[in-house]
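Just below is one structure, and these are the notes that go with it.
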Amino acid sequence: MKKTMCFLISLTLALAVGAASCTEENKNSALEGWEKLGREETPDDGNGDSSTTPPDDGDNGNGEETKWFLTRGVICGWEDVQDPETLDYIDIAKNHGLNSFSIYGAPRSSSTWKNFMADCDEAGIAIEFQEHMMYFLLPRSLFSTHPEYFRMNSQGVRVDDANGCPSSEEALRIVKGKAAQLGESYKPTNHKYYFWMDDGGDICYCPNCRQLSASDQALIFENATIEGLKEIDPEAKLAHLSYAGTTDAPKSVTPHEDIFLEFAPFWRSWKAPLVDTWTSGANGMTHAKYLRALHDNLEVFPSETAQVLEYWMDDSMWSGWDKTNLQRVPWSLDIFKKDIDTYAGYGIRHMTCYTAYVGPAYVEKFGFPDFLVEYADYLSNYKKK
């Protein structure tokens, strides 16, 4: 998409819609499904070592610096990648250009996992860990003695259900310390960390926080988190997840210079491309509102580091987060290509997508997922229009 087209879309949206927002409709089933995925593995206590030697960020003679999409990744479960005889993710990555895996639920202290990481390193594939982590950054066990660390609900009662109180300096100190601890255990090979806020968690409504949006409250915790990560990894970068309640751009809080945007349009429709602006998703969230939210976020976060997290290939979503109810991924190459043009038009050069439940069981039921190859090939060979 040409810059002029991007400008016209942004101008149209600015006149037509307000800032993006999420409603409560259909919220629980989807977010609770993602919460189950995020809890399949309890984080290590920081004593384990899941890291390997980071791949060189240079060109290495393979043309990476000339590609538009510098990150071409997938997020999936260990069950999806552990049987290469049935579905070889590493082989697909090597032959078709994927260069980033985020794997949840892996047995990260096992030799099998360490061998998998070594194979990824040899193939030039970065390993990341994208998970909801606030529950562990601010342990719920502290609530009984320090309820002031935790959020106040809209009825004025402190609760320990999710997230916390970003106005509590002591809570921020704990988050910073836990970030360093968890960072040692969840150390990526490309210095990119993803310690997301609790999935579906509400904001704090205490007198000091109630005027702050969900995105602002998240960013306060993220600023503390990146400071902790810097203690163990001076090159650390941390994602600000623009998703569900944090879709809108922050307005009152300035991000640390090493926090990057991760834009995840979870409530969009996958029956039409994002450029069909008045298409509505599951809860009435229009594509117009999502594109306006993306535009506004890119006023806060730099486009050169911004990343998109999409769901085109996410069979956990299509299957209702039920492994016994696998559904065929409703992949549309045409919609995917149009969406890629849209994102590239905003200057975005980092792309990831869930492929949860696209593993051996999927192959046995539906055959080889050709969309994985189409996704990888198109991103790897993409030429910005």
Side-chain angles (χ1 to χ4, degrees), residues 37 62-64 67-105 116 119-120 123-128 130 264-266 268-276 307-344 348 350-385:
L37 289 186
N62 59 11
E64 283 294 310
K67 294 182 182 295
W68 176 258
F69 286 105
L70 303 177
T71 298
R72 306 176 298 278
V74 295
I75 306 175
C76 55
W78 176 244
E79 291 183 357
D80 302 320
V81 302
Q82 67 176 331
D83 180 9
E85 294 297 321
T86 305
L87 183 59
D88 194 336
Y89 268 79
I90 294 178
D91 187 66
I92 292 172
K94 286 193 298 185
N95 291 324
H96 300 281
L98 296 180
N99 63 4
S100 175
F101 289 169
S102 177
I103 312 293
Y104 62 83
F116 178 83
D119 290 341
C120 287
I125 304 165
I127 294 292
E128 304 176 336
Q130 301 201 35
F266 182 75
R268 63 164 292 182
S269 169
W270 287 274
K271 295 180 179 179
L274 285 169
V275 290
D276 289 1
Q307 182 162 301
V308 165
L309 168 54
E310 265 285 2
Y311 304 85
W312 301 295
M313 304 181 290
D314 179 16
D315 202 44
S316 69
M317 181 173 62
W318 303 113
S319 302
W321 297 276
D322 181 357
K323 296 177 182 178
T324 67
N325 184 44
L326 290 182
Q327 302 296 310
R328 186 185 297 274
V329 171
W331 170 258
S332 168
L333 182 60
D334 180 63
I335 291 174
F336 164 70
K337 288 181 176 181
K338 289 179 179 178
D339 285 343
I340 291 302
D341 283 343
T342 297
Y343 289 130
I348 292 172
H350 303 271
M351 186 66 57
T352 55
C353 183
Y354 271 103
T355 59
Y357 294 8
V358 179
Y362 187 93
V363 173
E364 291 174 7
K365 187 171 184 178
F366 301 112
F368 183 81
D370 292 318
F371 51 80
L372 263 176
V373 171
E374 292 178 339
Y375 168 83
D377 280 342
Y378 195 72
L379 290 184
S380 183
N381 299 315
Y382 183 79
K383 303 298 182 184
K384 186 174 181 292
K385 295 180 181 178

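Numbering of residues begins at 1 and proceeds along the displayed sequence.
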>> To the nearest 0.5 Å, what is the distance between CG on Leu333 and NZ on Lys338?
In response: 11.0 Å
> Hey, are the side chains of Ile125 and Ser100 touching, using non-hydrogen atoms and a 4.5 Å cut-off?
Replying inline: no
>> Walk me through whether Trp318 and Leu326 qualify under side chain to side chain contact (heavy atoms under 4.5 Å, CB included).
In response: CA-CA 8 Å; Trp318 303 113; Leu326 290 182; over 6 Å; no
> Are a donor atom and an acceptor atom from the side chains of Asp83 and Thr86 found within less than 3.5 Å of each other?
Replying inline: yes
>> For the CG atom of Asp377 and the CG atom of Leu98, what is their distance to the nearest 0.5 Å?
In response: 9.0 Å
> Any donor and acceptor pair, going by atom type alone, linking the side chain of Thr352 with main-chain N or O of Val308 inside 3.5 Å?
Replying inline: yes
> What is the minimum heavy-atom distance between Ile335 and Ala272, and which atoms define it?
Replying inline: CD1-N, 3.6 Å
>> Looking at Lys67 and Ser380, would you say the former's side chain and the latter's main chain have a donor-acceptor pair under 3.5 Å?
In response: yes
> Would you say Tyr357 and Met317 make side-chain contact, with heavy atoms under 4.5 Å?
Replying inline: no
> In Å, rounded to the nearest 0.5 Å, how long is the span from CZ of Phe101 to CD1 of Ile127?
Replying inline: 7.0 Å
>> Could you measure the distance from the CG atom of Leu87 to the CG atom of Leu372? Nearest 0.5 Å is fine.
In response: 6.5 Å
> When you look at Cys76 and Ile103, which way does the side chain to side chain contact (heavy atoms under 4.5 Å, CB included) test go after all the steps?
Replying inline: CA-CA 5 Å; Cys76 55; Ile103 312 293; 3.8 Å; yes
> Do the side chains of Gln307 and Leu309 get nearer than 4.5 Å, heavy atoms only?
Replying inline: no
> Do Pro369 and Val363 come within less than 4.5 Å of each other through their side chains, counting heavy atoms only?
Replying inline: yes
>> To the closest 0.5 Å, what do you measure between CG (Leu379) and OH (Tyr343)?
In response: 12.0 Å
>> side chain to side chain contact (heavy atoms under 4.5 Å, CB included) for Met351 and Ile340? Distances and angles first, verdict last.
In response: CA-CA 9 Å; Met351 186 66 57; Ile340 291 302; 3.8 Å; yes
>> Pair Gln327, Asn325 - check side chain to side chain contact (heavy atoms under 4.5 Å, CB included), show working.
In response: CA-CA 6 Å; Gln327 302 296 310; Asn325 184 44; 3.0 Å; yes
> Under the 3.5 angstrom rule, does the side chain of Asp80 hit a backbone N or O of Gly77 as a donor-acceptor pair?
Replying inline: yes
> Using the ring of each side chain (for Trp, its six-membered ring), is Tyr362 parallel, tilted or perpendicular to Phe366, with breaks at 30° and 60°?
Replying inline: tilted
> Counting only heavy atoms not in Lys365, do more than 12 sit closer than 6.0 Å to its NZ atom?
Replying inline: yes
>> With a 4.0 Å cut-off on N to O distance, would you call Lys337 and Asp341 a salt bridge?
In response: no
> Going by heavy atoms in the side chains, are Phe69 and Thr71 under 4.5 Å from each other?
Replying inline: no
> Minimum heavy-atom separation for Asp91 to Asp88, with atom names?
Replying inline: N-OD1, 2.9 Å
> Is any side-chain heavy atom of Glu310 closer than 4.5 Å to a side-chain heavy atom of Arg268?
Replying inline: yes
>> Less than 3.5 Å apart, any donor N or O on the side chain of Ser316 or Asp314 sitting next to an acceptor on the other?
In response: yes
> Quick check: does any side chain N or O of Thr355 sit under 3.5 Å from a backbone N or O of Val358, one acting as donor and the other as acceptor?
Replying inline: no
>> Between Ser102 (side chain only) and Gln130 (backbone N and O only), is there a donor and an acceptor less than 3.5 Å apart?
In response: yes
> Between Asn99 (side chain) and Arg72 (backbone), is there a donor-acceptor pair under 3.5 Å?
Replying inline: yes
>> Between Asp276 and Lys271 (salt bridge meaning N to carboxylate O under 4.0 Å), is one present in this structure?
In response: no
> Is it the case that Asp339 and Trp312 place a side-chain donor and acceptor less than 3.5 Å from each other?
Replying inline: yes
> What orientation do Trp270 and Tyr311 show, parallel under 30°, tilted 30 to 60°, or perpendicular over 60°?
Replying inline: perpendicular
>> Please list all pairs meeting ring pair (Phe, Tyr, Trp, His ring centres under 6.0 Å) that have one or both residues in residues 72-100, counting only residues at least two apart or in different chains.
In response: Trp78-Trp113, Trp78-Phe116
